[in-house]
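One structure is given here, and the rest of the page talks about it.
Computed from a prediction, not measured in an experiment: that's the story for all the values here.
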Amino acid sequence: MWLVAVAFVFLVVPSEALKEGECEVCVTFLDRFYKSLVEQNEKFIPDVIEEHLIKACKDVKGKENRFCYYLGATIDAATRMVKEVSKPLSNHVPINKICEKLKKLDPQICDLKYDKQVDLSTVDLKKLRVKELKKILDEWGESCKGCAEKSDFIQKITDLMPKYAPHAAKSRNEL
């Protein structure tokens with residue numbers, strides 16, 4: 001009886017599998033990264049994967065940059081866990097499993113979530129805060145030098161919308 005109870009305890013250990021929507025940035029970034037390696041017909045050798053991961057991390061911003069920082073794939077990172085990604089990827093381990101392992105090593109990796117995207121085709125820019133307007137420009141890699149009023153930011157976004165969000169600009173013009 002005692003042996004059955006011990007066996008039952010080991011079988012009822014909670015699963016470490018990711019829940020829906022958990023580790024959003026990790027799963028999305030690594031999935032896109034893996035697909036880019038496949039498209040480029042790269043060799044799945046840990047050193048090659050690590051090199052490409054560091055290159056991919058140079059171009060990202062926002063939450064993905066923070067994710068790369070946690071992995072140690074950025075210049076300013078204090079720790080280095082890149083091998084925890086490159087080795088499993090070289091063996092084609094599913095992305096969810098890699099993120100589960102990273103979560104065990106550093107739980108804050110799975111705390112990262114993408115910010116909600118503003119639907120520029122329907123949103124009333126006048127109702128957004130200046131902080132949100134600045135964020136839109138920042139995502140586009142633009143700034144608004146000399147902007148003092150909210151209306152200046154709105155005008156800048158409206159002017160740049162055909163370049164960065166052509167579908168939204170077109171649908172706004174149709175309204």
Side-chain angles (χ1 to χ4, degrees), residues 18-40 42 49-82 84-86 89 95-96 98-100 102-103 105-175:
L18 295 177
K19 296 175 185 81
E20 185 68 31
E22 192 175 20
C23 286
E24 175 185 13
V25 176
C26 178
V27 171
T28 304
F29 179 81
L30 289 181
D31 186 52
R32 190 174 62 244
F33 175 68
Y34 178 79
K35 287 176 182 174
S36 74
L37 291 175
V38 170
E39 287 173 9
Q40 297 171 16
E42 289 296 334
I49 294 171
E50 189 173 326
E51 182 181 312
H52 281 278
L53 180 62
I54 291 169
K55 282 182 188 174
C57 284
K58 285 182 182 176
D59 299 331
V60 294
K61 293 181 180 178
K63 302 295 182 177
E64 290 181 349
N65 180 272
R66 179 61 37 195
F67 172 72
C68 288
Y69 174 80
Y70 291 154
L71 287 181
T74 59
I75 296 169
D76 60 341
T79 60
R80 192 147 168 91
M81 296 191 316
V82 179
E84 301 297 332
V85 173
S86 61
L89 271 181
I95 300 300
N96 285 354
I98 296 171
C99 291
E100 285 174 23
L102 290 172
K103 180 182 178 185
L105 295 172
D106 189 356
Q108 61 187 346
I109 285 177
C110 285
D111 291 341
L112 293 171
K113 300 207 180 303
Y114 288 110
D115 296 330
K116 286 186 178 180
Q117 294 296 314
V118 176
D119 183 6
L120 293 172
S121 59
T122 58
V123 72
D124 183 0
L125 294 175
K126 294 175 186 168
K127 291 186 178 179
L128 295 179
R129 296 173 179 244
V130 172
K131 182 179 180 180
E132 294 168 308
L133 297 171
K134 285 181 179 179
K135 185 176 167 215
I136 292 168
L137 289 171
D138 187 51
E139 287 173 358
W140 291 346
E142 297 283 346
S143 64
C144 193
K145 291 186 168 99
C147 292
E149 300 288 325
K150 184 177 185 175
S151 59
D152 298 333
F153 287 98
I154 293 171
Q155 185 60 48
K156 181 82 171 184
I157 289 171
T158 306
D159 293 344
L160 292 171
M161 201 176 293
K163 179 179 178 184
Y164 294 103
H167 296 294
K170 184 180 178 191
S171 65
R172 290 179 81 84
N173 291 337
E174 291 174 358
L175 292 176

Could you tell me whether the SG atom of Cys26 lies less than 2.5 angstrom from the SG atom of Cys110?
no
Keeping the roles fixed (side chain from Gln40, backbone from Leu37), state whether a donor-acceptor pair exists under 3.5 Å.
no
Could you tell me whether the side chain of Lys156 and the main chain of Ser151 form a donor-acceptor pair under 3.5 Å?
no
Testing the 3.5 Å rule here: is there a donor-acceptor pair between the side chains of [X] and [Y]?
X      : Y      : value
Asp159 : Gln155 : yes
Glu139 : Tyr164 : no
Thr122 : Asp119 : yes

Does this structure show an ion pair linking [X] with [Y], if we count only N-O contacts that are shorter than 4.0 Å?
X      : Y      : value
Glu24  : Lys63  : no
Asp115 : Lys135 : yes
Glu39  : Lys35  : no

Does Lys58 have more than 12 heavy atoms from other residues, nucleotides or ligands lying within 6.0 Å of its NZ?
no
What one should report as the nearest heavy-atom pair of Gly146 and Asp152 is O-OD2, 4.3 Å
For Ile98 versus Glu84, what's the shortest heavy-atom pair and its separation?
CG2-O, 4.0 Å
Identify every side-chain donor-acceptor pair in residues 71-80 under 3.5 Å, counting partners at least two apart or on other chains, and give the distances.
residue: Thr74; atom: OG1; partner: Asp76; partner atom: OD1; Å: 2.8
residue: Arg80; atom: NH1; partner: Gly72; partner atom: O; Å: 3.0
residue: Arg80; atom: NH2; partner: Glu50; partner atom: OE2; Å: 2.9

Could I get the full list of salt bridge (Lys or Arg N to Asp or Glu O under 4.0 Å) partners for Lys126, not counting sequence neighbours?
none
